[in-house]
Amino acid sequence: MTNRNDERLALLETALHDRQLAQRPVAELLGLAKKLGKCEADYTARHPELVAKRITVLGSASTQLFVQLLRLFLYQQGVAPIIREGEYNSIDMECMDDSSPLYAEQPDLLLLLTHHSDSRGRPALLAEPSQSDAWLDEQAGFYQALWDKLAHKLPKTKIVMSNFALPAERELSNWEANAVYSRTTVMRRLNTKLTQCRPTQVTLVDVEHLCSSYGKWAWFSAKDYHLSKLPCSINALPQLAFAYARQVAALCGKTRKCLVLDLDNTVWGGVVGDDGADGIQLSPNHPVGESFLAFQHYVKALKNRGVILAVCSKNEED
């Protein structure tokens, strides 16, 4: 048994140091998560630098596989989680019940996994703008009331909640973008409204952006939802869990604050020591120079948001 446990630990050590871990096939990741479950205490003992956090996960869809992957990615991010998973469709049930286990345990973090099916009673076809506004106020009002209750009952708990991923299917085809009553329009407005009324205790995970980047037709799976009530396709589930894990890690102080750059052929094209300041590629009228300028603008934007910039170069100081 000891040899098998050592093998599991060695495999996990290698996997958790892989920056591309979340890109591996979901079956492989679930296998790693299972191995982690068998030697979690030993792994934690080996890594005293891990930050222990009590986490509750509640979802409108099934969360079992999500939690297995989340645990794996949290360890990768330097967090040792103690996770309690709520029952299926338990956001309303636990958050609105004063006697629920949620308020007894007072977790460090509460993770809420919403689903677009939560937004019921959408405006009817050809509804007036006032009806769409009323629907929006009602939906946003529910989450404002939920957040207020959580803030009152869990004042020290940080809340991480997804916004709504809009389905790939469009009931009105391109007219979705032209009608104030369409599902696409009202759901986009709801996501914006949640951003506007979000209290400081709440951090939104932009799942709508995540699924758009992944590809909506690949993100959603009617089969996986109806068979297992998964919040997205099983193949996309690692991306969802990884996004939550990274946000939890950030709230736990596990963030990268400094960007260290080489100079030649990184910040500009060419080698300044050989080509001289006038010989390097930074011309806005040349595709190569333009690409380096675009990179500089991106790096400057990182600096403006608080990222420290540093240089590590073999160039001589002159």
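We number each residue from 1, following the sequence as shown.
A 4.5 Å side-chain heavy-atom check between Lys53 and Pro81 finds every atom pair outside the cut-off. Side-chain contact check for Leu237 versus Pro231: some heavy-atom pair is nearer than 4.5 Å. Here the side chains of Arg170 and Ser182 are not in contact, with every heavy-atom distance at 4.5 Å or above. By the 4.5 Å heavy-atom criterion applied to side chains, Gln106 and Leu154 are counted as neighbours. Counting heavy atoms from C-beta outward, Leu263 and Val272 have side chains that stay 4.5 Å or more apart. A heavy-atom distance below 4.5 Å is found between the side chains of Leu109 and Leu111. Counting heavy atoms from C-beta on, the side chains of Asn5 and Leu9 come closer than 4.5 Å. Using a 4.5 Å cut-off on side-chain heavy atoms (C-beta onward), Ile83 and Arg71 make contact.
Interatomic distance, Arg183 CZ to Arg122 CZ, rounded to the nearest 0.5 Å: 5.5 Å. One distance of note links CG of Asn178 with OG1 of Thr185; it measures 8.0 Å at 0.5 Å rounding. The SG atom of Cys252 lies 11.0 Å from the CG atom of Leu50; values are rounded to the nearest 0.5 Å. Separation of atoms NE2 (His226) and NZ (Lys229) is listed at 7.0 Å; rounding is to 0.5 Å. Put simply, CD on Glu171 and CD on Glu169 are 9.0 Å apart, with the number rounded to the nearest 0.5 Å. Put simply, CG on Leu204 and CD1 on Ile159 are 10.5 Å apart, with the number rounded to the nearest 0.5 Å.
Judged purely by atom type and a 3.5 angstrom limit, Gln131 uses its side chain to pair as donor or acceptor with the backbone of Glu128. Panel note: side chain Asn191, backbone Phe164; a donor-acceptor pair is recorded below 3.5 Å. Listed for the Ser283 side chain is a donor-acceptor partner under 3.5 Å among the backbone atoms of Asn285. Thr63 places no side-chain N or O within 3.5 Å of a backbone atom of Phe66 that could act as its donor or acceptor partner. Without hydrogens or angle criteria, Trp219 side chain to Cys232 main chain gives no donor-acceptor distance under 3.5 Å. In this structure, the side chain of Lys158 engages the main chain of Leu251 through a donor-acceptor pair within 3.5 Å.
Closest of all the heavy-atom pairs between Ile234 and Asp224 is N-OD2, 2.9 Å. Here the closest heavy-atom approach between residue Arg8 and residue Lys35 is recorded as CD-O, 4.0 Å. Scanning all heavy atoms of the two residues, the minimum distance from Leu302 to Leu259 falls at CD1-CD2, 4.0 Å. Between Ile280 and Val271, the shortest heavy-atom contact is CG2-C, 4.4 Å. Nearest heavy-atom pair across Ala80 and Thr44 is CB-CG2, 4.5 Å. Heavy atoms only, all atoms of each residue included: Tyr181 and Ser132 are closest at CA-OG, 3.6 Å.
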Steps toward side-chain contact (heavy atoms from CB on, under 4.5 Å) verdict (Arg46, Glu13)
CA-CA 10 Å; Arg46 284 191 178 191; Glu13 292 282 359; 4.2 Å; yes
Dump the intermediate steps for side-chain contact (heavy atoms from CB on, under 4.5 Å) on Leu113 and Val57, then the final yes or no.
CA-CA 8 Å; Leu113 226 67; Val57 177; 5.6 Å; no
May I have the step-by-step check of side-chain contact (heavy atoms from CB on, under 4.5 Å) for Leu136 and Val186, ending in yes or no?
CA-CA 7 Å; Leu136 180 66; Val186 296; over 6 Å; no
Test log, rule side-chain contact (heavy atoms from CB on, under 4.5 Å), inputs Tyr214 and His209
CA-CA 9 Å; Tyr214 189 86; His209 170 76; over 6 Å; no
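Here Arg54 pairs with Asp108 in a salt bridge; the nearest charged N to carboxylate O distance falls below 4.0 Å. Asp18 and Arg24 are joined by a salt bridge, as a carboxylate oxygen and a charged side-chain nitrogen come within less than 4.0 angstrom of each other. No salt bridge links Arg188 with Glu176; every basic N to acidic carboxylate O contact stays at or beyond 4.0 Å. Electrostatic pairing of Lys314 and Asp262 does not count as a salt bridge here, judged by no charged N lying under 4.0 Å from a carboxylate O.
With sequence neighbours excluded, the residues that form a side chain to side chain contact (heavy atoms under 4.5 Å, CB included) with His115 are Ser60, Ser117, Asp118, Tyr225. With sequence neighbours excluded, the residues that form a side chain to side chain contact (heavy atoms under 4.5 Å, CB included) with Ser212 are Glu208, Lys216. Listed by chain and number, the residues in a side-chain hydrogen bond (donor to acceptor under 3.5 Å, both in side chains) with Asp97 are Ser99 (sequence neighbours excluded). Partners of Cys258 by side chain to side chain contact (heavy atoms under 4.5 Å, CB included), not counting sequence neighbours, listed by chain and number: Val260, Ile308, Ala310. By the side chain to side chain contact (heavy atoms under 4.5 Å, CB included) test, Glu94 is found to be paired with Leu58, Arg84, Ser90, Ser100, Pro101, Leu102, residues two or more places apart in sequence or in another chain being considered.
Tyr143 and Val207 end up in different hydrophobic clusters when Ile, Leu, Val, Met, Phe, Trp and Tyr side chains are linked at under 4.5 Å. Hydrophobic cluster membership differs between Met187 and Leu210, with clusters built from Ile, Leu, Val, Met, Phe, Trp and Tyr side chains linked at under 4.5 angstrom. Linking ILVMFWY residues whenever their side-chain heavy atoms come closer than 4.5 Å, directly or via other members, leaves Val205 and Val202 in distinct clusters. Hydrophobic clustering (side-chain heavy atoms under 4.5 Å, transitive across Ile, Leu, Val, Met, Phe, Trp, Tyr) groups Leu230 together with Leu69. Cluster membership for Val67 and Ile91, using ILVMFWY side-chain heavy atoms within less than 4.5 angstrom, is not shared.
Side-chain contact check for Ser62 and Gln64: at least one donor-acceptor pair (N or O, by modelled atom type) lies under 3.5 Å.
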Distance-only donor-acceptor hits, side chain of residues 144-151, under 3.5 Å, sequence neighbours excluded:
from: Lys149; atom 1: NZ; to: Asp98; atom 2: OD1; distance (Å): 2.5

Per-pair distances, 0.1 Å, donor-acceptor, side chain in residues 238-247, under 3.5 Å, sequence neighbours excluded:
from: Gln239; atom 1: NE2; to: Ala22; atom 2: O; distance (Å): 3.1
from: Tyr244; atom 1: OH; to: Leu112; atom 2: O; distance (Å): 2.7
from: Tyr244; atom 1: OH; to: Ser162; atom 2: N; distance (Å): 3.0
from: Tyr244; atom 1: OH; to: Ser162; atom 2: OG; distance (Å): 3.4

Enumerate, atom names and distances included, each donor-acceptor pair closer than 3.5 Å involving a side-chain atom of residues 288-296, sequence neighbours excluded.
from: Ser291; atom 1: OG; to: Val288; atom 2: O; distance (Å): 2.5
from: Gln296; atom 1: NE2; to: Val267; atom 2: O; distance (Å): 2.9

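For the ring pair (Phe, Tyr, Trp, His ring centres under 6.0 Å) condition, the pairs that include at least one residue of residues 36-64, sequence neighbours left out, are Tyr43-His47, Tyr43-Tyr75. Applying the salt bridge (Lys or Arg N to Asp or Glu O under 4.0 Å) rule to pairs touching residues 293-312 yields nothing, sequence neighbours excluded. Judged as a ring pair (Phe, Tyr, Trp, His ring centres under 6.0 Å), not a single pair has a partner in residues 83-107 (not counting sequence neighbours).
When hydrophobic residues (I, L, V, M, F, W, Y) are linked wherever their side-chain heavy atoms come within less than 4.5 Å, Trp217 remains an isolated member.
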